[in-house]
Protein chains: 4
Amino acid sequence: MPPMDEPTLVAAYRSVRAFTEQLCEPLEIEDYMLQAAVEASPPKWHLAHVSWFFETFLLKPFLPGYAVFHPQFDHLFNSYYEQTEAGFWPRPERGLISRPTVAEVYAYRHHVDDGMMRLLSDCPPEHQATVQARLEIGLNHEQQHQELLVTDIKYNLAYNPLRPAYRGDLPVAKVQDPVPLTFTAFEGGIQSFGAVEPGQQQGRSPAQRDRQAEQGSQAQRESQGAAQGFAYDNEFPRHQRLLEPFRLADRLVTNAEYQAFIDDGGYRHPGLWLSDGWAQIKTQGWQAPLYWEQLDGQWHETRLAGRRPLNPAEPVCHLSYFEADAYARWAGRRLPTEFEWEHAAAGRPVEGHFVDAGRFHPTPAGAGSLQQLFGDCWEWTSSAYLPYPRYRAVDGALGEYNGKFMSGQMVLRGGSCATSRNHARATYRNFFYPHERWQFKGIRLAEDQA
Amino acid sequence: MPPMDEPTLVAAYRSVRAFTEQLCEPLEIEDYMLQAAVEASPPKWHLAHVSWFFETFLLKPFLPGYAVFHPQFDHLFNSYYEQTEAGFWPRPERGLISRPTVAEVYAYRHHVDDGMMRLLSDCPPEHQATVQARLEIGLNHEQQHQELLVTDIKYNLAYNPLRPAYRGDLPVAKVQDPVPLTFTAFEGGIQSFGAVEPGQQQGRSPAQRDRQAEQGSQAQRESQGAAQGFAYDNEFPRHQRLLEPFRLADRLVTNAEYQAFIDDGGYRHPGLWLSDGWAQIKTQGWQAPLYWEQLDGQWHETRLAGRRPLNPAEPVCHLSYFEADAYARWAGRRLPTEFEWEHAAAGRPVEGHFVDAGRFHPTPAGAGSLQQLFGDCWEWTSSAYLPYPRYRAVDGALGEYNGKFMSGQMVLRGGSCATSRNHARATYRNFFYPHERWQFKGIRLAEDQA
Amino acid sequence: MPPMDEPTLVAAYRSVRAFTEQLCEPLEIEDYMLQAAVEASPPKWHLAHVSWFFETFLLKPFLPGYAVFHPQFDHLFNSYYEQTEAGFWPRPERGLISRPTVAEVYAYRHHVDDGMMRLLSDCPPEHQATVQARLEIGLNHEQQHQELLVTDIKYNLAYNPLRPAYRGDLPVAKVQDPVPLTFTAFEGGIQSFGAVEPGQQQGRSPAQRDRQAEQGSQAQRESQGAAQGFAYDNEFPRHQRLLEPFRLADRLVTNAEYQAFIDDGGYRHPGLWLSDGWAQIKTQGWQAPLYWEQLDGQWHETRLAGRRPLNPAEPVCHLSYFEADAYARWAGRRLPTEFEWEHAAAGRPVEGHFVDAGRFHPTPAGAGSLQQLFGDCWEWTSSAYLPYPRYRAVDGALGEYNGKFMSGQMVLRGGSCATSRNHARATYRNFFYPHERWQFKGIRLAEDQA
Amino acid sequence: MPPMDEPTLVAAYRSVRAFTEQLCEPLEIEDYMLQAAVEASPPKWHLAHVSWFFETFLLKPFLPGYAVFHPQFDHLFNSYYEQTEAGFWPRPERGLISRPTVAEVYAYRHHVDDGMMRLLSDCPPEHQATVQARLEIGLNHEQQHQELLVTDIKYNLAYNPLRPAYRGDLPVAKVQDPVPLTFTAFEGGIQSFGAVEPGQQQGRSPAQRDRQAEQGSQAQRESQGAAQGFAYDNEFPRHQRLLEPFRLADRLVTNAEYQAFIDDGGYRHPGLWLSDGWAQIKTQGWQAPLYWEQLDGQWHETRLAGRRPLNPAEPVCHLSYFEADAYARWAGRRLPTEFEWEHAAAGRPVEGHFVDAGRFHPTPAGAGSLQQLFGDCWEWTSSAYLPYPRYRAVDGALGEYNGKFMSGQMVLRGGSCATSRNHARATYRNFFYPHERWQFKGIRLAEDQA
């Protein structure tokens, strides 16, 4: 991996850290405390946790003389790393901690920023590779929490019966009809998937790859994505699979289409649902996507701009896997596998409506093939989140980042209107439990090709 | 009931309202949001709810042209009145509402204050009696919430592993040994209990009382306590009971005494416990009073001044009924009935350590008979919270104030260091479920007299 | 206490033990396993537990050379005695134990019977008083479980959607209209309550009583009721209370009257309910008494004879305290205290429809004052189950029999159609949690007297 | 599909039905009622449910004049088919139904048998194909419940602290040391998987296959496996995948090996566990496989023959996926995918220790490659249970058989000591949730090949 120069690293660090704080600017201090569901952490916690990550994995091991900001923050702001000493405060109770105050958390951030500037400007050569690798993970980690900040703020504000807006000044797409639904065909065959590991050459034999992997140091493994742009360990190694011919929808399913499913009794026919899904909608009383509610007979949707009537052309979002799967069955289609999706996306430009666009909501598709692949909504695939062949997690607590979640979850692809553009790529694997709805998650249909 | 003059009413109103806000002065905005247990409501909610009470029961029915501050506050800040139209936001979720902000809640308070000033200065004569009666209830209601503010702030801050203090500058009693435990004897016999209802003359026959009650108007019933000082409906009617001779401890049980119970295996011997109490301590893992924890082999207690080593002479507090009862059994004594307590307290001056003292913690007893009857700690009695003979709740939603809680709870007497002195009296009946510990609740022993 | 002769004791023992088995005769082996609710234990468990009681408190301590039937039965068939060594199998899982089989449980019974016969025929003189006292407790204990057998069988069979009958041949009262509701007046005044303790003379001073109690041996205390007929420790000591004048209904509330309450929206008006009661009916979805269901617009009731249309004249039963209390409020009356009830019942003959009548259901009242005081249905009182003044539990595990349940429960009086006639008396205190409905529990109204 | 002759069908039917009853012979009537966990249904329910299956899917639609045995059995003995009219009795409450009695359930079985004999002897030609197809499903369905009978009886008896044996006369393997662990290598490459659908020819293009599938009748689809031996719809269609080179262990992991994992702190090191697995063992307090317990410092295992000391050479079983996965990680290996397993098993004889052997417990492996592939223990694979490409469920309620469970579960392969030999095959896909342990589930290790 070629070492990046210090100014580049510093600029990347400053940029990511600044954007986190920019996302919080519209908040009242009271909003920083909210946790209306276990998975929707308070903004204050996110702000502190991402700083804890740099402190734990970079400043404490590599910055000589670094003094922690507060001895108990290691406990309070660890998320789920079981292999660190201090354990972690229970996730469902992150909103029950009023101190440190918001101001103190910002002070903590700046304390960590100061340490990071010192580390980046004066890193011993023997640690440079590891520091750079972990810095990259730390920045990507903070970008993930930026997306969670957006979706958690949305959830927590929308829970309030007053339905306060995050920002009342957000642009809202004009009400329009969707473009017709068309499909693009793919031939299938043996194809390659996943990101190229550093030192992994495509075409080499597995035996060669494996020997090299065994020789690689832990530092190399942690920094593995640098040569080609960053990738998480769960995208490795690049490998081949056999695809059957398939066709992929050119846009996401719209609100209008999903409303037709509801009107047709979609939530009342058990034959459309997976068994766990049927149990879920019965137990929870779900009759529509999250954030939908009827006022005077008209469906409305609470969004970050506040509550608005549904726009039929916008992509339906905030669906569980169960709903996406039931919709596809009702529509006579199916969800794509994560490999079909990646095959279709590979090589295409990473363009779309990301958080950078500042809209904070998916937008209607234009005409053309394979619209909205990136941005707008994460797309549920029919693939369970499992390791790729020969996957190996890194050692130690950082190895808990991705690998330990490989059971019970489904893969989503493509990024959303809350994702940073430079965080998205064709090989990126997001994953959630099938019942979770609070992310921007939508549906792209697929079908078998004769 | 003699009408109070407007300046007196206004002064009482201003005084109570101001004290509520004074209690909140040490808080950070973040602290206003906390609800770490269902029963420990956020300060913001208390501030708004007590204003909602005046708005609902006085301004809306009696102030012509009153405009509500916000149409949905009727739903958000109703506590438990089932008979009002808007229903109420679920109690466990009071901390999940970041808007209205703290500033907006204060604005709501002042909006209500303005309305109340107008109502008191210009009340139509035909409503004066009811307005005055409800004003008295409203002020006593706000005083109850002042006590809850203190105990809820204590609970919510103490839940934080950083154990932040409410106020670091509070006076703390010096460590000392308790005075010896002595008892005062009472003869028993037929005695009177409860508050005199307006129009209820002691000595009249029940038949006379009943006829008069049937003739009384609702307004008279609501304002019933005015002639003799305020009393809640659950203190009516004054009536007679037969007491057996008994002896009552001259002070509360101390931390030192309770620690001896713990050291003797008090929490491990089922024979000391009520069946529901044993289930409770097993399920919850209780091994000491709330707020006690051991650090380096020494018991500490988190109080509003922060975490401190136990003071052996201070009254033990934050106990459930089950713990008070088990302690008494271990000590070879018993808890007093609420009638024994009232008989001992009747006619004595209402003196003691109340919230007015600004200590926010019970203090060691001095020598002398029947110390600490008022203030310091609420005292668990062995009496279930039940209606007095011929008790009748007022009609309508206000009738839900006390009467509907008359099952499953136990009576406590005397007030605490978080009670206002002018809120305490010998006939006052407080009540909580036997497992609840977050109020300042302690133990006064009693025993049978030969 | 005068010693009973051996033939009398043996006859009493044989009679009680035989009736338990007689009650089980209509059961299929499968029915012996059922536990459809935590509180409705399987018949097999009852059969074994009452035998365990004799084994534990009589055979093991007093019969030389007694060999236990099975070493693990001490664990399996202990109900709730925390102070015995083996602990007890969890109450909710009594139906999950197929072995010992029903046949083995009967063999266990006979093994215990053999031991008891030997003990009674050859008891060392120094143990005779204690053995006789414990025998009396054991027989009364078994009678209590006979009642539970009936009510648990009813619950467990009625849970089955096939609604199988316990006995299809039971007599069923003809459908008729209730007799009109009248009341009997009582003057009140200082009255005596409770059972006379052995050695307790009415009229002696409390000081005298107390000195004597301290001198009494444990054996005397356990056998305390013998002189006047048996009584449980919770009926002691006899003491005085002051009653206000009151009136008591001459019969129980009928199905027809309760149906009028339902038809008037009784289950929909929160103002009629205690707070805990309203929460209970909302959580459980209760809209009628247990065992009521509507078929083709007509209320039916599942009884031990199977499902039948409601008989308007029969007493309403299987109500919670909350329902009894709400009904009384709706009817403009109230429930009696346990002392009002006892005062009315004292000195009257213990007559009524008991289990001895073999009807297994309450019957319509006849005309006349104070009908149905004994038998038919237990009558909810407004008294919490608390110790009488100077109550003391016996030492050791037997002391857990009654005393440890003195929190959170309400007193019921009078016995039911599932109680043995010789188990009922005016001083008997039954107790259940306010939400429990599976016993035969009904309503007798009371009101204040002018 | 070639029609089978009537004698063959009748013989198959009689044989399967008889074996179900044979499995129940050692039971006491009380055992038929047990359901000690939601998933461990009572034997009585299994006996009735498999009969309900024939009644619902064969007798009611195809036998003219068939009279149901009892109108409510359609509700009581439906398992989970949402699309039938009567709904189903809640699964957790199958043990709360004492009637019908065991004798009545056997009468129900014989009533259904009579109907089936009439249907098979006199089936209208136009229904023969469908009847034969559904009969095959019904018999395979009953075989699955035979396995559940064994595992549920084991669970329900072992829950009893008396640890009663199902049969005390079962053979038990002598205590011995395991054979050494060796691996067999496989080359990988493009391979075929799954069962050949009727009318599906290997080598035809997907387009051809798809057209044919659309023309096929529902009857053909239901009967699809007949030509090659029966297969469930979840084994279709046969398709190709790309395998990387791998090595597969020659035997199952033994008790001795698993005990070394425990002794090394396997249950205490979070780094070995999936996140959901760590939560599971913490919540449940798991420290060993199901049925293991320590007596006097020695591990014992409760089996159908009763409680015995562990045999080190026997395969470890009754593990969750989480434990299998953690063990593999600790051992430096991994679990195989279901495709690796199938590739290794394809073409090998279906030999091993099945229920036909009458041992009811897995047995020590012999030396040699790929021992124990079939029988002994189901083998957890690392594959999520998902549809094969182009999978289609049949229409109607029968389509709920397999397809609706395709989320959240993992695939197991190979069969167990409780499976019928003629029910096992290389393409068979069993599936359970990752936390479930009550089946005979073990571990076969795999590893990547250089």
Residue D:P161 versus chain C: region with a heavy atom under 4.5 Å: both

Distance (rounded to the nearest 0.5 Å) between D:E30 CD and C:I29 CD1: 5.0 Å

Nearest-0.5 Å distance, CD of residue C:Q35 to CE of residue D:M33: 11.5 Å

Residues which pass side chain to side chain contact (heavy atoms under 4.5 Å, CB included) with D:V16, listed by chain and number, not counting sequence neighbours: D:L139, D:E142, D:Q143, D:Q146

Contact residues of residues 38-52 of chain D (partner chain C; heavy-atom separation under 4.5 angstrom): none

Contacts with chain C made by residues 89-101 of chain D (heavy-atom distance under 4.5 Å), listed by residue number: D:W89, D:E93, D:G95, D:L96, D:I97, D:S98, D:R99, D:P100, D:T101

C:V102 vs D:E28 side-chain heavy atoms within contact, under 4.5 Å: no

Proximity of residues 285-299 of chain C to chain D, residues having a non-hydrogen atom under 4.5 angstrom: none

